[in-house]
Trainee: 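Handing you a structure now.
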Amino acid sequence: MLWGHKFRMQPAVGPAALALLWALGLGYDAQAQKSIGDLHATANGEIESIYTDSFGNLDGIAAHSLGFAGKGTISGDYYNPDFLSFSLLPYYGRSQDNAESESLTNASGYTGILNIFKGSHFPGLVNFQQNWNNAGTFSVPGVAGLTTVNNNRGLNIGWSELLPGLPTLSVGFLDTAGSSSLLGSTESTDSSNRNFSIGSTYNFHSYYLNGGFLHVINNVEINGLENGEAETANGSSNQYHFLMQGPIPYRHSSMSMSFTRTSYNQSDLQSSTGYSTNDIDNGTTDTINANATLAFPRAPVTVTTMYTDNLLGSVEQQLTSTGSVPLFALNSPESHSISVEGSTYVSVAPRLMVGGFVERTEQLFNGQSFGVTEAGLTLNYSFFRLLKGLTLYGGLTDSATQEGNSWLGFIGDVNYNHIFRNRWQVNGF
């Protein structure tokens, strides 16, 4: 059986009736408003109780649970919402399960948001949250989900300068931490992450410019592994990026260019009774992207180029940025990649489009060169009168390396989207 209905209480309902409602698994909503001078606040909350019961003759399984939950919202402003506004969202949830495997969790937490000078040229934001005893699931292949208990917190601070006619400036700081433990086990994981970012944008004539810097520090500690082993991974990375977008002086053509440099440093310490190992990995990766769209009258052409000077370093950097344990087996043979792709499309008949592309990728790894060429042709036809709204799409792709043809593939797609009598819309694919 399951009860979870909610309704609004009348002021005449007394504490005894409220206790009876809780016992029956019903809910209660409340709301209040308050002003003190220039401070305005509104608070509302909700409490509810849920009871579940299950039984059957399969292995004699029977279980029931009783849950109690509450949540609230406190929001308001001081002087003016554009000057300072705030909101606080606390919650609490208790779950008690009585079965062959008993469990009891009490989850609680809150989220707070503070906006400063919202709508001005110097807006700021503070966001913070804290969660305790949140239940999760740890998956093991072939084994039913194992319950974990998690605690985490986070703080996010941001500020911007948005003066007209000048480059924008945005600064941010993020600090998160969490811990997770497996119920009935000594294994636990503690992690933390901090990052600092600064960025700027600017419109110079018809060109859009964007640049910034990101610094990330992370730490992961795993305790209670087999044979008393423990593992600690510490990492940091720095990323610089720059982007420019704008027109090309030919019809409505456009281009974009970007440059990214990422450096990382990662250490992994594994220890157990009697021995320990400490591996260190670091590197730098530069990536350049360029894109041009040439608006030729009948067949516009798009050309895209990407160059990466350290392929393995880019993999390591992605692991470092997420706090994962690095792959030291990838440590540092020379590897880089360059790819060039050209694509176009042309209208050969009413509602019939033909497109094509060619892409060439060259990679160098540990003194050996690898290359692959891909080409494709696509057709797209849209019905107008009969079966209006129906679109057919199909194409062929072919791939070849220096050793010969690799594969031939086909892709097909059918879509239907039509509105009847301005009321009914039908979609299918």
Side-chain angles (χ1 to χ4, degrees), residues 201-210 241-260 286-309 311 336-364 369-419 425-429:
T201 63
Y202 186 54
N203 289 307
F204 180 73
H205 295 288
S206 299
Y207 291 90
Y208 171 78
L209 307 177
N210 181 304
H241 69 271
F242 175 77
L243 168 69
M244 179 178 67
Q245 296 176 332
I248 295 176
Y250 173 74
R251 300 174 67 90
H252 297 289
S253 301
S254 61
M255 55 80 65
S256 67
M257 295 182 63
S258 67
F259 170 79
T260 303
D286 293 330
T287 303
I288 300 174
N289 286 275
N291 178 283
T293 299
L294 305 175
F296 295 127
R298 288 188 52 82
V301 174
T302 299
V303 179
T304 302
T305 302
M306 183 176 71
Y307 172 77
T308 301
D309 72 343
L311 285 176
H336 61 253
S337 169
I338 184 171
S339 65
V340 180
E341 178 183 359
S343 62
T344 187
Y345 65 89
V346 60
S347 177
V348 297
R351 300 178 299 283
L352 176 61
M353 304 292 295
V354 178
F357 75 93
V358 177
E359 180 180 7
R360 176 65 181 177
T361 299
E362 290 280 351
Q363 295 183 349
L364 178 70
S369 178
F370 304 86
V372 61
T373 300
E374 292 186 9
L377 179 68
T378 61
L379 300 175
N380 187 300
Y381 183 78
S382 299
F383 289 83
F384 179 65
R385 293 182 179 176
L386 182 65
L387 299 178
K388 182 179 180 181
L390 180 65
T391 300
L392 304 179
Y393 174 85
L396 291 173
T397 59
D398 185 48
S399 176
T401 68
Q402 61 265 40
E403 298 177 354
N405 189 275
S406 298
W407 51 266
L408 179 68
F410 168 78
I411 183 172
D413 190 283
V414 179
N415 287 279
Y416 182 73
N417 184 9
H418 188 66
I419 299 177
Q425 182 173 0
V426 178
N427 294 288
F429 69 92

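Just so we're clear, the structure is a prediction, and the values are computed from it rather than from any experiment.
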Trainee: Can you give me the closest heavy-atom contact between A299 and V346, atom names plus distance?
Mentor: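 Nearest pair, atom of A299 first, then V346: CB-CB, 4.3 Å.
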Trainee: Within a radius of less than 6.0 Å around CZ of F384, do more than 12 heavy atoms belonging to other residues, nucleotides or ligands occur?
Mentor: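 Count not over threshold, so no.
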Trainee: Kindly give the heavy-atom pair with the smallest separation between I248 and A292, and that separation in Å.
Mentor: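 Closest approach of I248 to A292, heavy atoms only: CD1-CB, 4.3 Å.
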Trainee: To the nearest 0.5 Å, tell me how far N203 CG sits from Q245 CD.
Mentor: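 Atom-to-atom, N203:CG and Q245:CD are 10.0 Å apart.
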Trainee: Is the backbone N or O of P300 less than 3.5 Å from a side-chain atom of T344, with the two atoms forming a donor-acceptor pair by type?
Mentor: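 Answer holds: yes.
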Trainee: Would you say that E403 contacts F370 through its side chain, given a criterion of any heavy-atom pair below 4.5 Å between the two side chains?
Mentor: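 No, their side chains stay 4.5 Å or more apart.
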Trainee: Side chains of R251 and P297, heavy atoms from C-beta outward: is any pair under 4.5 Å?
Mentor: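 SC-SC contact between R251 and P297 confirmed.
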Trainee: Closest heavy-atom contact between S253 and A295?
Mentor: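 The answer is OG-N, 2.9 Å.
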Trainee: Nearest 0.5 Å please: distance from the CE atom of M244 over to the CE atom of M255.
Mentor: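 M244 atom CE to M255 atom CE measures 4.0 Å (nearest 0.5 Å).
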Trainee: What are the two closest non-hydrogen atoms of H241 and N210, and how far apart are they?
Mentor: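 Closest heavy-atom pair between H241 and N210: NE2-OD1, 3.4 Å.
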Trainee: Give the ring-plane orientation class for H418 versus Y416, where under 30° counts as parallel, over 60° as perpendicular and anything between as tilted.
Mentor: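 H418 vs Y416 ring planes: tilted.
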Trainee: State, yes or no, whether a side-chain contact exists between R351 and Y381 at a heavy-atom distance under 4.5 Å.
Mentor: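 In short, these two side chains touch, coming nearer than 4.5 Å.
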Trainee: Taking the side chain as C-beta and beyond, is there a heavy-atom pair between P247 and Y207 under 4.5 Å?
Mentor: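 Yes, side chains in contact.
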Trainee: Given side chains that start at C-beta, do those of F429 and N417 come closer than 4.5 Å, heavy atoms only?
Mentor: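 Heavy-atom side-chain distance check fails, nothing below 4.5 Å.
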Trainee: Does OH in Y345 sit with more than 12 non-hydrogen atoms of other residues, nucleotides or ligands closer than 6.0 Å?
Mentor: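 12 or below, so no.
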Trainee: Could you grab the distance from atom CZ of F242 to atom CE of M257, nearest 0.5 Å is fine?
Mentor: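 Between F242 CZ and M257 CE, I get 9.0 Å after rounding to 0.5 Å.
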Trainee: Can you tell which of N291, T293, N289 makes a side chain to side chain donor-acceptor pair (under 3.5 Å) with T304?
Mentor: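 In the set N291, T293, N289, the residue that makes a side chain to side chain donor-acceptor pair (under 3.5 Å) with T304 is N291.
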Trainee: Give the minimum heavy-atom separation between F357 and S343, together with the two atoms involved.
Mentor: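 In terms of heavy atoms, the two residues are closest at CB-CB, 3.8 Å.
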Trainee: Could you report the tightest heavy-atom contact between T401 and S406, atom names first, then the distance?
Mentor: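 Answer, listing the atom of T401 first, then S406: CG2-OG, 3.4 Å.
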Trainee: Can you tell me how far apart OG (S382) and CG (N415) are? Round to the nearest 0.5 Å.
Mentor: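 So the OG of S382 and the CG of N415 are separated by 9.5 Å.
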Trainee: Rounded to the nearest 0.5 Å, what separation is found between the CG atom of L408 and the CG atom of D398?
Mentor: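 One gets 5.5 Å once the value is rounded to the nearest 0.5 Å.
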Trainee: Return the CD to OG distance between E362 and S337, rounded to the nearest 0.5 Å.
Mentor: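 Separation between the atoms: 9.0 Å.
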Trainee: Would you say D309's side chain and D286's backbone share a donor-acceptor pair under 3.5 angstrom?
Mentor: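 Such a contact is found between D309 side chain and D286 backbone.
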